[in-house]
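The figures here come from the full heavy-atom set of this structure, side chains too, leaving out hydrogens, waters and symmetry mates. Order of the sequence lines fixes the chain letters, A, B, ..., with proteins taken first and strands second; residue numbering starts at 1 for each chain.
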Amino acid sequence: MHVGNLRTALYAYLLARSQGGTFVLRIEDTDQARHIEGALEVIYATLRQAGLRHDEGPDVGGACGPYVQSQRTAIYRTHALELVRRGAAYHCFCDKVERDDDPAPAGGYDGRCRHLDPAAVAADLAAGRPHVVRQKIDREGVTTFTDLVFGEITVENKVLDDQILLKRDGMPTYNFANVVDDHLMGITHVVRGSEYLSSTPKYNLLYQAFGWPVPLYVHLPLIMGKNPDGTVAKLSKRHGSVSFESLLAEGYLPEAVVNYIALLGWSPKNDRELFTLDELAAAFGVAGLNKAPAVFDFDKLRWMNSEYVKALPPAEFAARARPFGGITSPHLAACWDRLVAPLLHPRVEVLGDIPEMIAFLAALPDYPVEFFHHKKTKCDPARARAILADLGPLCHRHGEWTAPALGAVVQDYAAARGLKLGLPMWALRIAVSGRLVTPGGPPEIMEILGRDESLRRIDHALAMLAAHPTA
RNA sequence: GACCCGUUCGUCUAGUGGCCUAGGACUUCGGCCUUUCACGCCGGCAACACGGGUUCGACUCCCGUACGGGUCGCCA
């Protein structure tokens, strides 16, 4: 599910919750050619993971079912024919125009079937001639509707074409099914993306033709993505992971994603940014909705995710992070909760970063002797060599192999030699991790590595330093 | 191309005629802290698209221009 769709669902949910309303899930599957196996399950899973519980829907029932449009075709047919009877729609026998010519052809359907001889229409219908049902829109006058976000919008009817209501295969179009279902299901607020703004006048005409009250419209600003060249366009796959599933797979927390997208196009009107779903529902209001398109910023999502990660209780972080760890050794698996996760917890922004952060634990990476040069601690290969030569045996002799004990060994050593702690720590870090940056310090890493592996790595460093005495 | 909509720091936004020397957050850049990195803390850079009005006074109201976006499907 695209995050844009999720955000629309989220706002609809928040609006319903904040007003004591009902959140209805309706499946709009009227395009048989685009049916995708498993798509419905993705919708259910996304809604569940995002915490958006619907009050009515295909799986939970309700008074207005069925909630799957492909199961309501008889309803749409009846209503389309009612419109024909009222003179607001008509049968059209024109050939289907394929839409694959590149520059979109100017001007739509010309309405040529409006004035077909009724007897001929009846005969063609009886003969089973393929047809569609079109909405009849007068060329004269204007149509005005009010949107809660964009205000009053007026368009000339002549720019509206006779849109199709019922397709050749008997299925309704999205626009028609929506009007019928929204009315029949008692929908009060139509919350959707602003790309639907320009088709809304036709909705009003349909409601008028039926003699139904018009619902309230809440059109949302679009979510945009930034292109490599700096321009922006409707957020799509080319901009990265834009489906809820892929974001979760990369290690973003569902709560963080929901919080982030809530703020894309809506503002609580104050400086607050971190909200739980319930808090969002309490703060939500259409007055906070913006009109201008919003650019999806992965940097900010990343930051927000890190806030959620840090707020997790230690045990829960360990559990959620575990599947992302890429754990291959039984040893790491065994000490994950107690030793590894605590190191990662304050440093991880996105769970998917973990494998790269701890790869050095499973295997010492190749590293250049230059790593022992460190300005701030005044470390260099010669000093590192001397320090490691001292520290190796000292650690080896020490009975207890825990981070606090090892830390004390290094501290005592530094104190005895009048060294600042950072110097031996740096030499040790490079030796046991082979990396400039590690989650946690040398004592913590050494505890995880264990006595044998730690000493093996120190020996390896010593050998390397001996081979490059002047590096 | 036609129609509709939009335009405050790079990004998300606050601001509804004087409270604005335009606030917050992300990013970025400094500094502090520190056993690296990170976290945390402190601080800096950075915006009202432009031009006309209206008004004592405009980021806020009106008009135009520019730019951006959306729609123009027997897709949703």
Side-chain angles (χ1 to χ4, degrees), chain A residues 5 28-31 33-34 92 94-100 103-109 130-134 147 150-151 153-156 158-161 163-175 177-178 192-201 219 221-222 224 226 230-234 260 263-274 288 290-304 306 310 343-349 357 374 376-377 407 410-411 414 420-426 428-430 433 435-444:
Chain A
N5 296 138
E28 315 204 314
D29 59 345
T30 55
D31 185 352
R34 291 210 310 170
C92 168
C94 292
D95 287 335
K96 188 172 180 177
V97 288
E98 296 301 339
R99 181 196 151 94
D100 45 13
Y109 175 71
H131 64 279
V132 298
V133 173
R134 285 182 185 272
D147 180 85
F150 289 88
I153 294 175
T154 299
V155 301
E156 295 186 81
K158 67 182 176 203
V159 307
L160 271 20
D161 50 48
Q163 69 171 341
I164 289 174
L165 269 20
L166 232 43
K167 299 186 273 191
R168 186 160 300 219
D169 63 5
M171 281 288 185
T173 54
Y174 163 80
N175 290 134
N178 252 269
R192 37 150 49 165
S194 66
E195 66 265 36
Y196 295 111
L197 226 30
S198 49
S199 55
T200 306
H219 283 93
L222 260 20
M224 315 294 281
K226 187 169 261 171
T231 59
V232 297
K234 216 163 146 183
Y260 177 70
L263 263 20
L264 269 186
W266 173 80
S267 161
K269 302 269 182 198
N270 56 41
D271 293 339
R272 183 162 179 200
E273 298 199 292
L274 267 16
N290 284 316
K291 300 179 171 110
V295 177
F296 192 96
D297 183 1
F298 284 92
D299 280 336
K300 186 146 189 178
L301 203 214
R302 182 168 258 280
W303 165 78
M304 189 167 281
S306 76
K310 277 178 283 195
L343 255 34
L344 260 11
H345 197 175
R347 297 171 172 80
V348 170
E349 289 188 312
M357 293 172 77
H374 186 59
K376 201 171 160 193
T377 57
V410 181
Q411 262 174 18
K420 291 194 59 170
L421 186 57
L423 175 55
M425 283 294 188
W426 183 263
L428 217 40
R429 172 194 314 287
I430 301 301
S433 74
R435 296 198 16 179
L436 264 9
V437 175
T438 61
E444 290 77 19

Trainee: Of all the choices, B:C3, B:C5, B:U11, which nucleotide is nearest to the side chain of A:Asp297 once you look at every atom?
Mentor: B:U11
Trainee: Pick base, sugar-phosphate or nothing for A:Val348, based on heavy-atom distances below 4.0 Å to the nucleic acid.
Mentor: nothing
Trainee: Now, which nucleotide makes the Watson-Crick or G-U wobble pair with B:C32, with each of the two distances under 3.5 Å?
Mentor: B:G40
Trainee: Distance check, C1' atoms only: B:C74 and B:G69, in whole angstrom units.
Mentor: 27 Å
Trainee: Which listed nucleotide (B:U36, B:G69, B:C74) is nearest to the side chain of A:Val437?
Mentor: B:U36
Trainee: Indicate, yes or no, whether a donor-acceptor pair under 3.5 Å links the base of B:U34 to the side chain of A:Lys376.
Mentor: yes
Trainee: Nearest to the A:Lys96 side chain among B:C74, B:U35, B:C26, which nucleotide is it?
Mentor: B:C74
Trainee: Check this one for me: any side-chain N or O of A:Thr30 less than 4.0 Å away from OP1 or OP2 of B:A76?
Mentor: yes
Trainee: So, does A:Lys167 get its side chain near the phosphate of B:A76, meaning an N or O under 4.0 Å from OP1 or OP2?
Mentor: yes
Trainee: Using the C1' atom as the point on both nucleotides, what is the distance between B:G51 and B:C72, in whole Å?
Mentor: 32 Å
Trainee: Please give, in whole Å, the distance from B:G73 C1' to A:Leu166 CG?
Mentor: 16 Å
Trainee: Base, sugar-phosphate or nothing for A:Met224? Non-hydrogen atoms, less than 4.0 Å.
Mentor: sugar-phosphate
Trainee: Enter the distance from A:Met425:CE to A:His374:NE2 here, rounded to the nearest 0.5 Å.
Mentor: 13.0 Å
Trainee: At what distance, to the nearest 0.5 angstrom, does OG1 of A:Thr30 lie from CG of A:Asn175?
Mentor: 9.5 Å
Trainee: Say whether, by atom type as modelled, one donor and one acceptor occur between the side chain of A:Asp169 and the main chain of A:Met171 under 3.5 angstrom.
Mentor: yes
Trainee: Give a yes or no on whether the backbone of A:Gly170 and the side-chain of A:Arg168 come within a donor-acceptor separation of less than 3.5 Å.
Mentor: no
Trainee: Let me know the distance between CE of A:Met304 and C1' of B:U27, rounded to the nearest Å.
Mentor: 14 Å
Trainee: Can you find a donor-acceptor pair, distance only, under 3.5 Å between A:Arg347 side chain and B:C37 base?
Mentor: yes
Trainee: Does a nitrogen or oxygen in the side chain of A:Asn270 sit under 4.0 Å from OP1 or OP2 of B:G15?
Mentor: no
Trainee: Quick one: is B:U71 close enough that its OP1 or OP2 comes under 4.0 Å of any side-chain N or O from A:Lys234?
Mentor: yes
Trainee: In whole angstrom, give the distance that lies between atom CG of A:Asp299 and atom C1' of B:U27.
Mentor: 6 Å
Trainee: Would a 4.5 Å heavy-atom cut-off, applied to side chains only, mark A:Val410 and A:Leu428 as touching?
Mentor: yes
Trainee: Using a 4.5 Å cut-off on heavy atoms from C-beta on, say whether the side chain of A:Thr173 contacts that of A:Leu166.
Mentor: no
Trainee: Rounded to whole angstrom, note down the C1' distance from B:U60 over to B:A22.
Mentor: 12 Å
Trainee: Any base atoms under 4.0 Å from A:Pro201, or only sugar-phosphate, or nothing? Heavy atoms, all strands.
Mentor: nothing
Trainee: Nearest to the side chain of A:Pro293 - B:C4, B:U13, B:G6?
Mentor: B:G6
Trainee: If you only use heavy atoms from C-beta on, which nucleotide in B:C74, B:G70, B:G24 is closest to the side chain of A:Glu273?
Mentor: B:G24
Trainee: Which nucleotide in the list B:G24, B:U27, B:C4 gets nearest to the side chain of A:Lys300?
Mentor: B:G24
Trainee: Using atom C1' in both nucleotides, what's the gap between B:C41 and B:C33 to the nearest angstrom?
Mentor: 8 Å
Trainee: Is A:Gly193 touching bases, backbone alone, or none of the nucleic acid, heavy atoms closer than 4.0 Å?
Mentor: nothing
Trainee: Donor-acceptor pair under 3.5 Å: do we get one between A:Lys269's side chain and the base of B:A14?
Mentor: no
Trainee: Please confirm whether the shortest side-chain N or O distance from A:Thr438 to OP1 or OP2 of B:U36 is below 4.0 Å.
Mentor: no
Trainee: Identify which nucleotide among B:A76, B:U13, B:G10 has an atom closest to any side-chain atom of A:Lys226, counting heavy atoms from C-beta outward.
Mentor: B:G10
Trainee: Over how many whole Å does the gap from A:Leu436 atom CG to B:A38 atom C1' extend?
Mentor: 15 Å
Trainee: On RNA chain B, does the nearest nucleotide to A:Asp169 precede the nearest nucleotide to A:Ser198 from the 5' side, or the other way round? Give the residue.
Mentor: A:Ser198
Trainee: Could you grab the distance from atom NZ of A:Lys226 to atom OG1 of A:Thr231, nearest 0.5 Å is fine?
Mentor: 10.0 Å
Trainee: Using atom C1' in both nucleotides, what's the gap between B:U28 and B:G70 to the nearest angstrom?
Mentor: 33 Å
Trainee: If B:A25 has a Watson-Crick or G-U wobble mate with both distances under 3.5 Å, name it; if not, just say none.
Mentor: B:U11
Trainee: Touch check for A:Tyr196, heavy atoms < 4.0 angstrom, all strands: base, sugar-phosphate only, or nothing?
Mentor: base
Trainee: May I ask you to evaluate whether A:Asn290 reaches the phosphate of B:G6, defined as a side-chain N or O under 4.0 Å from OP1 or OP2?
Mentor: no
Trainee: Report yes if the side chains of A:Lys300 and A:Glu273 come closer than 4.5 Å at any heavy-atom pair, otherwise no.
Mentor: yes
Trainee: Sticking with atom P, work out how far B:G43 lies from B:C48, rounded to a whole angstrom.
Mentor: 25 Å
Trainee: Between B:C9 and B:G24, how far apart are the P atoms? Round to whole Å, please.
Mentor: 16 Å
Trainee: In Watson-Crick or G-U wobble terms, both distances under 3.5 Å, what is the partner of B:C3?
Mentor: B:G70
Trainee: Rounded to the nearest angstrom, tell me the gap between atom CG in A:Asp271 and atom P in B:C26.
Mentor: 11 Å
Trainee: Relative to the 5' end of RNA chain B, which residue comes earlier, A:Cys92 or A:Pro346, by the nucleotide with the nearest heavy atom?
Mentor: A:Pro346
Trainee: Answer yes or no: does a side-chain N or O of A:Lys291 lie under 4.0 Å from OP1 or OP2 of B:G69?
Mentor: no
Trainee: When all nucleic acid strands are considered with a 4.0 Å heavy-atom cut-off, which category describes A:Asp95: base, sugar-phosphate, or nothing?
Mentor: base
Trainee: Please work out if A:Val295 contacts a base, only the sugar-phosphate, or nothing of the nucleic acid, heavy-atom cut-off 4.0 Å.
Mentor: sugar-phosphate
Trainee: Checking all strands, does A:Leu421 fall into the base, sugar-phosphate, or nothing category for heavy-atom contacts under 4.0 angstrom?
Mentor: base
Trainee: According to the Watson-Crick and G-U wobble definitions, with both distances under 3.5 Å, which nucleotide is paired to B:G18?
Mentor: B:C56
Trainee: Classify the angle between the aromatic ring planes of A:Phe296 and A:Tyr260 as parallel (below 30°), tilted (30 to 60°) or perpendicular (above 60°).
Mentor: perpendicular
Trainee: Taking the same atom, C1', in B:A47 and in B:C26, what whole-Å distance lies between them?
Mentor: 15 Å
Trainee: Which one, B:A76, B:G23, B:C5, comes nearest to the side chain of A:Ile153?
Mentor: B:C5
Trainee: In whole angstrom, what separates A:Trp266's CH2 from B:A25's P?
Mentor: 18 Å
Trainee: Could you check whether A:Ile164 gets within reach of a base, just the sugar-phosphate, or nothing at all, counting any heavy atom under 4.0 Å?
Mentor: base
Trainee: With a 4.0 Å cut-off on N to O distance, would you call A:Asp31 and A:Arg34 a salt bridge?
Mentor: yes
